[in-house]
Amino acid sequence: MRWLGSDPTLRRPFVLAAAAITLLAVTVGLGVTLGVETRQQFREIGASWNDHAGGPARKGALISEIRGYLGFGGIIHSFKNYVLRQEQAYLENTQRQIAQFRHAVARFQALETSPEERAAVAAIARTIDAYEDRLPIAIEAAGEGWLPTRTDGLVRVDDTEAVAALAELERLWRETQARSTERIAAAVDEGDALIRIGFGSVAALVLASLVLGTLILLLVRDLRRAIGEVAHELAERRKLERSEERLATIVEQSPATIILTDTSARIQYANRKFEEVTGWRRDKVLGRTPAFLQSGHTSDQTYERIRTQLDKGERWHGVFRNRRRDGSSYWADTVLLPLRAPDGSVQNFVGIAEDVTEARRARDQVVRAQKLEAVGQLAGGIAHDFNNILTTIVGASHLAALDAEEGSDLAREIEQINIAARRAQSLVRELLSFARREPGEAQPLVVHDIVVEVTTLLRAAAPRLITLECPEPAARHTVMGDPTHLHQIVMNLCRNAAEAIGGRTGTITVSIAACAEEDAPAPHEAGWVKLVVADDGPGMSDQTIARVFEPFFTTKPIGKGSGLGLAVVFGLVEEMGGRITVDSKPGEGARFTVFLQAAAEQAPAQIAPSEPLPRGDEWIILIDDEAEVAGTLRRQLIRLGYRVDAFTSPLVAYERFRAHPDRYDLAISDIVMPEMTGEELVDRMRRERPNLPALLCTGYRPETTPAGPDTPTILDKPVNPIDLARAVRTLLDKRRISPVLETST
């Protein structure tokens with residue numbers, strides 16, 4: 001080989017060839033090296049991305065879920081609310097959330113976790129275990145009515161360890177995410193370094209091989225583009241993750257229920273509010289249609305129209321009455337929307353609903369109040385005229401009964417007229433009491449006397465198939481109340497029982513007894529009296545019992561019931577300071593128990609109805625703008641021996657009185673008259689003659705009645721002839737006694 005080396009001309013090609021071969025080898029080697037390193041960096045970026053978006057992301061979601069169980073509305077919050085309020089709903093929330101927490105912890109532990117993460121989760125679980133261990137104490141406290149402060153002292157749990165463990169768990173997760181991000185960033189930086197090396201190598205080798213340089217340049221360009229796209233995608237993914245987190249938070253914390261279904265109406269997603277409102281867990285409704293929410297109040301045709309609109313891509317808005325998991329119902333103001341794909345086709349349906357139950361209840365209360373106002377106006381308008389008519393009927397039947405032979409057919413027919421008039425009087429009193437147009441006057445009352453009066457009336461009017469029993473109580477139980485109102489309470493309860501029995505054979509039992517101290521609704525110095533009206537009728541369901549005292553609620557056919565009877569009873573019992581309860585089951589009859597406050601003083605002795613009516617021969621001036629009423633009262637008083645001047649005009653009566661002020665011993669007047677009220681008329685008469693005894697009659701009493709020693713006595717229309725006779729005699733006797741007392745003084 002020396003001859004080759006000795007000739008420079010031959011040696012140069014070999015040198016160039018060797019240089020070219022060497023340069024080519026270096027170029028190939030450098031290309032291979034760059035390719036291997038580049039491929040390794042792509043693998044590193046891929047592995048880093050999988051590490052960033054894989055396990056840590058699932059851990060983050062589970063940590064967020066665990067944080068929710070420890071935060072507002074979570075296990076601790078529900079547990080403490082249950083301790084303070086002792087409401088069953090908070091207990092159920094606590095138990096359900098504990099089970100969900102266990103499930104979340106199990107899923108977290110199934111992931112690849114570090115010892116520090118397992119220790120933090122265990123610390124949180126220990127705190128939740130402590131709350132779960134104290135649940136029986138809280139349940140016992142709620143059952144026995146312990147004070148919340150006492151219960152709180154027994155069930156208090158130190159949450160410090162759980163809070164610290166949650167913070168540690170989140171810190172570890174953030175560190176993992178940071179390492180993953182740093183790993184990706186390092187891979188990107190190394191890729192940038194490779195690019196710079198590639199540029200330098202290409203610059204050094206460009207003179208040797210344009211083709212090789214061009215290929216490397218193209219490779220570097222593609223590599224740079226790929227790395228730039230990866231970096232841009234990573235940034236966009238980070239933005240998208242933050243946006244999705246915000247959107248998920250908004251949806252989860254939305255005050256409206258939100259569900260997402262496929263085009264077959266099968267639920268794919270439901271938010272937290274859906275669980276709270278409906279009582280259904282999300283994992284239990286996924287894959288099902290919302291049919292389990294239907295309460296039966298929406299027709300099938302409506303659902304068909306909704307489906308047709310949604311299939312057309314149109315929104316639907318309306319109100320559903322849905323059913324919760326516990327069987328109760330709620331009103332939901334609902335919007336149903338179709339979600340469209342980029343090509344315009346419908347791919348999902350979204351349901352957004354707001355619980356408007358309380359708003360509807362408020363609206364119903366307004367409507368009910370308007371009904372009550374209308375009833376009050378109607379009652380006040382007709383009471384005066386209607387009671388005037390009843391006064392004529394009652395008075396005329398009383399006069400006819402005096403002339404009818406006892407036990408005759410005529411006497412029985414007259415008694416039926418009297419019964420019908422008293423039932424009509426009771427109906428007017430119901431309307432007036434319900435509308436609060438007729439205030440009560442509390443006085444000591446013997447409950448048994450009122451019950452006997454009511455049952456006597458009902459026995460004459462009730463069907464023969466119904467037996468009305470009223471056992472004699474062991475003692476004379478006295479309560480404070482208005483006799484008319486107590487009469488209405490007993491009458492309405494007995495009549496309600498009779499209507500419940502209907503045309504069947506049945507028994508109504510009215511019993512009276514002292515209430516044991518442990519059964520009393522509240523402490524009362526004089527104790528409580530218990531009035532029980534029980535029947536063996538068909539009974540009531542729980543749904544009927546829940547609404548039995550609502551105004552205008554009735555289960556009777558149209559025309560068979562006003563829906564006021566039990567509502568009136570409830571209002572009157574509350575006005576007397578009492579309580580009323582009902583116990584009934586379908587097929588087992590009903591039992592209404594009225595708790596009335598006992599009176600400290602005894603009721604005055606009742607005058608026997610069989611005693612003769614008091615009579616007299618004094619002069620009486622009678623004024624009523626209704627000629628029939630004035631004529632009836634005049635005949636009653638004349639029958640008792642009195643001399644009566646009757647007038648239908650208060651002005652004419654006043655002029656007659658002014659002409660002879662000392663002639664009349666008593667004035668009887670209607671209150672509501674067109675020219676002058678009865679009170680004004682009596683006041684004018686007393687200016688002419690002070691201390692004139694006066695008796696006023698009224699179809700309904702005003703909401704505020706005057707009180708004082710000179711206030712005239714007031715009788716309610718329809719005027720009972722017996723009450724009229726006794727009231728007249730009492731006032732006249734007082735007039736006779738007063739001058740004697742003044743003379744002796």
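What you see below is based on every heavy atom in this structure, not just the backbone, and it leaves out hydrogens, waters and symmetry mates.
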For this session: Take Asn93 and His77, measure what side-chain hydrogen bond (donor to acceptor under 3.5 Å, both in side chains) needs, and give me the verdict at the end.
Result: CA-CA 10 Å; Asn93 282 344; His77 183 262; over 6 Å; no
Exercise. When rounded to the nearest 0.5 angstrom, what is the spacing between CZ in Phe349 and OG1 in Thr263?
Worked result: 6.5 Å
For this session: State whether the side chain of Arg134 and the backbone N or O of Ala130 hold a donor-acceptor pair below 3.5 Å, judged by distance alone.
Result: yes
Problem set entry | Under 3.5 Å: donor-acceptor pair, side chain of Thr278, backbone of Arg324 | no
Exercise. When you check the gap from the basic side-chain N to the acidic O, do Glu275 and Arg272 get nearer than 4.0 Å?
Worked result: no
Exercise. Would you find a donor on one side and an acceptor on the other, under 3.5 Å apart, between the side chain of Thr94 and the backbone of Glu92?
Worked result: no
Exercise. Has the side chain of Ser295 got a donor or acceptor atom that lies under 3.5 Å from a matching backbone atom of Arg321?
Worked result: yes
Problem set entry | Geometric class of the Tyr303/Phe320 ring pair [parallel <30°, tilted 30-60°, perpendicular >60°] | parallel
Exercise. Do the charged groups of Glu276 and Lys273 touch, with an N to O distance under 4.0 Å?
Worked result: yes
Exercise. Does Ile75 offer a backbone N or O that forms a donor-acceptor pair with the side chain of Gln97 under 3.5 Å?
Worked result: yes
Exercise. Would the Phe570 and Phe549 ring centres measure less than 6.0 Å apart?
Worked result: yes
Exercise. Can we say Asp152 and Arg156 salt-bridge, meaning some charged N sits less than 4.0 Å from an Asp/Glu carboxylate O?
Worked result: yes
Exercise. Do side-chain atoms of Asn271 reach the backbone of Ala256 as a donor and acceptor pair under 3.5 angstrom?
Worked result: yes
Exercise. Just by distance, do the side chain of Gln597 and the backbone of Gly577 share a donor-acceptor pair under 3.5 Å?
Worked result: yes
For this session: Say whether, by atom type as modelled, one donor and one acceptor occur between the side chain of Ser584 and the main chain of Gly589 under 3.5 angstrom.
Result: yes
For this session: Measure from the ring center of Phe292 to the ring center of Trp280 and say whether it is less than 6.0 Å.
Result: yes
Problem set entry | Glu314 side-chain N/O to Leu337 backbone N/O, donor-acceptor pair under 3.5 Å | no
Exercise. With a 4.0 Å cut-off, would you call Asp129 and Arg102 a salt bridge?
Worked result: yes
